[in-house]
Undergrad: 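This structure is in structure tokens; I'll ask about it shortly.
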Amino acid sequence: MKYISTRGGMEPAPYSEILLEGLATDGGLVVPEAVPRVSAQQLESWRTLAYPELAAEVLALFATDIPRDELAAMCRAAYSAENFVAEEVVPITALEPGISLVGLSEGPTLAFKDMAMQFLGQSLEYVLARSDRALNVIGATSGDTGSAAEYALRGKDGIAVFMLSPQGRMSDFQRAQMYSLLDDNIHNIAVEGVFDDCQNLMKALFEDLEFKRAHHLGAVNSVNLGRVSAQSVYYFWAWLRATDALPESERAGFEVSFTVPSGNFGNILSGYTAKTMGVPIRRLVLAANENNVLDEFFRTGVYAPRSAADTHATSSPSMDISKASNLERFVFEVLGRDPERLAAAWTELAQTGRIDLSSEQPRFESEFGFLSGASTHADRVATIRSVFERSGVVIDPHTADGVKVAREHVEPGVPMLVLETAKPAKFPEIVFEATGERIGIPEHLAGLLERPQRVTEMADDEAELRAFIAARAVQR
Ligand SMILES: *Cc1c(COP(=O)(O)O)cnc(C)c1O
């Protein structure tokens with residue numbers, strides 16, 4: 001299996017090469033030359049596998065240049081009992097008639113990014129060792145995405161992490177989560193400024209190609225194909241669990257739908273990948289919050305990224321996006337996998353600020369299975385409350401965006417699976433507003449706030465940051 005660029009300008013490369021890259025060399029996104037297919041019999045034969053074993057089966061179809069036993073060991077290490085609290089790794093919980101939750105937040109940072117990051121941490125370490133290379137990951141975080149990367153990469157050989165965060169802008173819990181990691185290869189840097197200042201510092205370093213090469217800088221952002229492929233595994237898992245109770249004769253081809261709280265379009269794209277591979281998925285319902293650029297795209301076919309001023313800070317903050325970095329992969333499919341048409345569309349986007357695919361929009365549902373919806377703060381509060389009242393389950397605000405939109409799209413006889421993208425313990429204020437319940441830190445994290453912390457405070461100063469990185473970057 002080789003990987004190519006959506007814009008057609010990259011030599012086909014194997015999985016282990018593209019794991020280290022965010023973008024393709026021509027500025028496009030990396031996609032498989034042909035998406036691997038799984039027959040109904042093969043899918044059925046995976047029913048008895050535990051999550052790490054299923055992950056190895058699915059990922060082997062992507063990572064054809066990594067030996068099978070190595071891949072299986074990586075999956076066992078990534079999806080271990082030490083990392084994931086639930087014995088099944090991904091538990092399924094029935095919420096109300098027709099709707100169940102797919103529990104993706106059992107990992108160390110209580111959010112779904114652990115699902116892909118833990119595998120990426122294992123596979124990056126392996127690939128770097130094999131090619132005698134080093135990687136210094138630079139990131140900017142306002143709280144949540146950075147911690148998943150740090151937990152996945154802590155203690156890994158040949159890798160260091162430099163994570164910029166805005167001083168004094170994160171919750172006590174978020175700070176404790178990140179700054180209590182004392183591993184030598186994890187460097188938390190609290191910048192005097194806001195998140196945008198952190199992001200600008202990071203961009204400046206990446207634009208200096210000489211510095212970037214000299215210090216082996218890289219990122220593990222949401223367009224990384226290692227993450228997208230690892231996320232497709234839980235769509236297989238959720239389908240298998242949703243059909244366990246059916247008579248054997250009715251399982252093959254039995255359709256389920258998913259609703260996915262979405263931001264950068266990574267998670268739901270993995271669902272589309274699983275559908276293409278052969279998981280019987282009827283609908284992929286995209287749930288957005290007030291930042292509804294993707295809901296607008298799926299309803300009208302017009303993609304118009306927002307300005308920073310038009311991007312709202314909401315109570316489901318991990319979905320606060322102005323543009324959706326993975327959407328290019330979907331548009332590539334819509335345009336018949338034609339790199340010239342895709343490149344033309346992105347030129348149009350750069351020149352006019354929008355892409356008009358309204359003539360293709362009817363196919364989004366009929367051919368690709370996509371639908372969408374959006375919600376507001378009031379919807380989230382009402383949904384957290386009604387789910388709690390009906391089922392006793394407390395959900396987080398991102399998952400609430402999902403349940404709200406899922407309820408609008410449930411069809412008789414088709415199980416609707418909502419992806420739980422974070423645990424409510426990360427968002428105690430809105431849970432209290434909705435339910436009157438004071439939700440504490442989960443038992444296995446008790447004492448987190450009291451643990452010693454290590455962080456370097458720094459002015460918003462590029463020269464100081466360069467010197468700090470140059471002195472601590474891993475080399476091989
Ligand atoms: C990252 C994130 C999302 C959005 O996922 P995408 O893959 O960017 O669409 C939704 N909810 C939570 C809690 C997240 O951390």
Side-chain angles (χ1 to χ4, degrees), residues 1-15 17-18 21-36 62 203 206-207 209 219 221-229 232 260 262-273 275-277 284 286 288 291-308 310-311 321-372:
M1 167 77 74
K2 287 278 169 58
Y3 294 83
I4 55 173
S5 167
T6 49
R7 302 196 197 166
M10 185 182 97
E11 279 299 311
Y15 191 79
E17 283 299 315
I18 54 119
E21 298 298 330
L23 294 177
T25 47
D26 63 352
L29 298 191
V30 171
V31 289
E33 245 171 359
V35 175
F62 291 95
K203 276 191 195 146
F206 278 116
E207 278 163 16
L209 294 182
N221 47 31
S222 74
V223 297
N224 184 294
L225 200 87
R227 286 177 62 177
V228 174
S229 55
S232 67
V260 187
S262 293
N264 272 317
F265 201 72
N267 200 354
I268 198 166
L269 178 81
S270 301
Y272 179 68
T273 305
K275 176 174 160 67
T276 311
M277 290 171 80
L284 288 159
L286 180 141
N291 297 295
N292 61 351
V293 53
L294 284 175
D295 179 40
E296 183 178 274
F297 173 68
F298 280 97
R299 277 185 295 103
T300 67
V302 174
Y303 176 52
R306 310 284 198 255
S307 67
D310 287 330
T311 306
I321 47 125
S322 53
K323 59 179 174 21
S325 22
N326 273 296
L327 189 68
E328 180 169 336
R329 290 189 169 115
F330 176 71
V331 174
F332 183 63
E333 300 300 328
V334 170
L335 298 179
R337 302 195 117 226
D338 179 342
E340 276 173 35
R341 287 179 74 197
L342 189 279
W346 251 254
T347 304
E348 180 189 331
L349 180 64
Q351 285 167 356
T352 66
R354 63 210 293 274
I355 303 174
D356 187 347
L357 293 174
S358 48
S359 60
E360 311 284 352
Q361 190 273 344
R363 295 170 57 221
F364 294 178
E365 181 183 350
S366 63
E367 192 178 326
F368 299 96
F370 277 84
L371 285 169
S372 75

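As the structure is a computational prediction, the values presented were derived from the model and not from experiment.
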Undergrad: What is the ring orientation for Phe330 with Tyr272, classed by angle as parallel under 30°, tilted 30 to 60°, or perpendicular over 60°?
TA: perpendicular
Undergrad: Which heavy atom of Ser5 sits nearest a heavy atom of Met10, and at what distance?
TA: CB-CB, 3.8 Å
Undergrad: So with a 6.0 Å cut-off around CD of Glu11, is the heavy-atom count from everything else above 12?
TA: no
Undergrad: Tell me, yes or no, whether the heavy-atom count around Glu340 atom CD, taken from other residues, nucleotides or ligands under 6.0 Å, exceeds 12.
TA: no
Undergrad: Has the side chain of Ser307 got a donor or acceptor atom that lies under 3.5 Å from a matching backbone atom of Asp310?
TA: yes
Undergrad: May I ask you to test the Tyr303-Val331 pair for a side-chain heavy-atom distance under 4.5 Å?
TA: no
Undergrad: Would you call the rings of Tyr3 and Tyr15 parallel, tilted or perpendicular if under 30° counts as parallel and over 60° as perpendicular?
TA: tilted
Undergrad: Do Thr300 and Gln361 make a side-chain contact, defined as non-hydrogen atoms from C-beta onward lying under 4.5 Å apart?
TA: no
Undergrad: Counting C-beta onward and ignoring hydrogens, is there a side-chain heavy-atom pair between Val302 and Leu357 closer than 4.5 Å?
TA: no
Undergrad: Report the C-alpha separation of Met277 and Val35 in whole Å, then their side-chain angles, then the decisive distance to 0.1 Å, and conclude whether the side-chain contact (heavy atoms from CB on, under 4.5 Å) test is met.
TA: CA-CA 6 Å; Met277 290 171 80; Val35 175; 3.6 Å; yes
Undergrad: Can a donor-acceptor pair be found between the side chains of Arg227 and Asn326 at a distance below 3.5 Å?
TA: no
Undergrad: Got a second to check how far Asn291's CG is from Lys323's NZ, nearest 0.5 Å?
TA: 13.5 Å
Undergrad: With a 4.0 Å cut-off, would you call Arg306 and Glu296 a salt bridge?
TA: yes
Undergrad: What's the shortest heavy-atom distance between Asp356 and Glu348, and which atoms?
TA: N-OE2, 3.5 Å
Undergrad: Phe332 and Pro339: which non-hydrogen atoms are nearest, and at how many Å?
TA: CE1-N, 4.1 Å
Undergrad: Could you check Val293 against Ile321 for side-chain contact (heavy atoms from CB on, under 4.5 Å), going step by step and ending with a plain yes or no?
TA: CA-CA 8 Å; Val293 53; Ile321 47 125; 3.6 Å; yes
Undergrad: Check Ala288 against Asp295 and note the closest heavy-atom contact, atom names and distance.
TA: CB-CB, 4.3 Å
Undergrad: Scan side-chain atoms only and decide if Asn264 and Ser325 contain a donor-acceptor pair under the 3.5 Å cut-off.
TA: yes
Undergrad: Would you name the heavy atoms of Pro305 and Gly353 that are closest together and state the gap between them?
TA: CD-O, 3.5 Å
Undergrad: Is the shortest heavy-atom distance from the side chain of Glu328 to the side chain of Arg7 under 4.5 Å?
TA: yes
Undergrad: Hey, mind stepping through Ile18 and Lys2 against side-chain contact (heavy atoms from CB on, under 4.5 Å) and telling me if it holds?
TA: CA-CA 10 Å; Ile18 54 119; Lys2 287 278 169 58; over 6 Å; no
Undergrad: With heavy-atom distances below 4.5 Å as the criterion, would you say the side chains of Arg337 and Val31 are in contact?
TA: yes
Undergrad: Could you state the interatomic distance from CG (Leu342) to CG (Asp338), rounded to the nearest 0.5 Å?
TA: 8.5 Å
Undergrad: Can you confirm whether Glu365 sits close enough to Leu284 that some side-chain heavy atom of one is under 4.5 Å from a side-chain heavy atom of the other?
TA: no
Undergrad: Heavy atoms, side chains only, cut-off 4.5 Å: are Phe370 and Ile268 in contact?
TA: yes
Undergrad: Between Pro362 and Ser358, which heavy-atom pair has the shortest distance, and what is it?
TA: CD-O, 3.7 Å
Undergrad: Could you tell me whether the side chain of Arg329 and the main chain of Val223 form a donor-acceptor pair under 3.5 Å?
TA: yes
Undergrad: Hey, is the main chain of Val260 close enough, under 3.5 Å, to the side chain of Ser262 for a donor-acceptor pair?
TA: yes
Undergrad: Has the side chain of Thr6 got a donor or acceptor atom that lies under 3.5 Å from a matching backbone atom of Leu29?
TA: yes
Undergrad: Between Ile4 and Val30, is there a side-chain heavy-atom distance shorter than 4.5 Å?
TA: no
Undergrad: In terms of relative ring orientation, are Phe364 and Phe298 parallel, tilted or perpendicular, with 30° and 60° separating the classes?
TA: perpendicular
Undergrad: Any ion pair linking Arg363 and Glu360 (charged N to carboxylate O, less than 4.0 Å)?
TA: yes
Undergrad: Backbone N or O of Leu286 within a donor-acceptor pair of the Ser372 side chain at under 3.5 Å?
TA: no
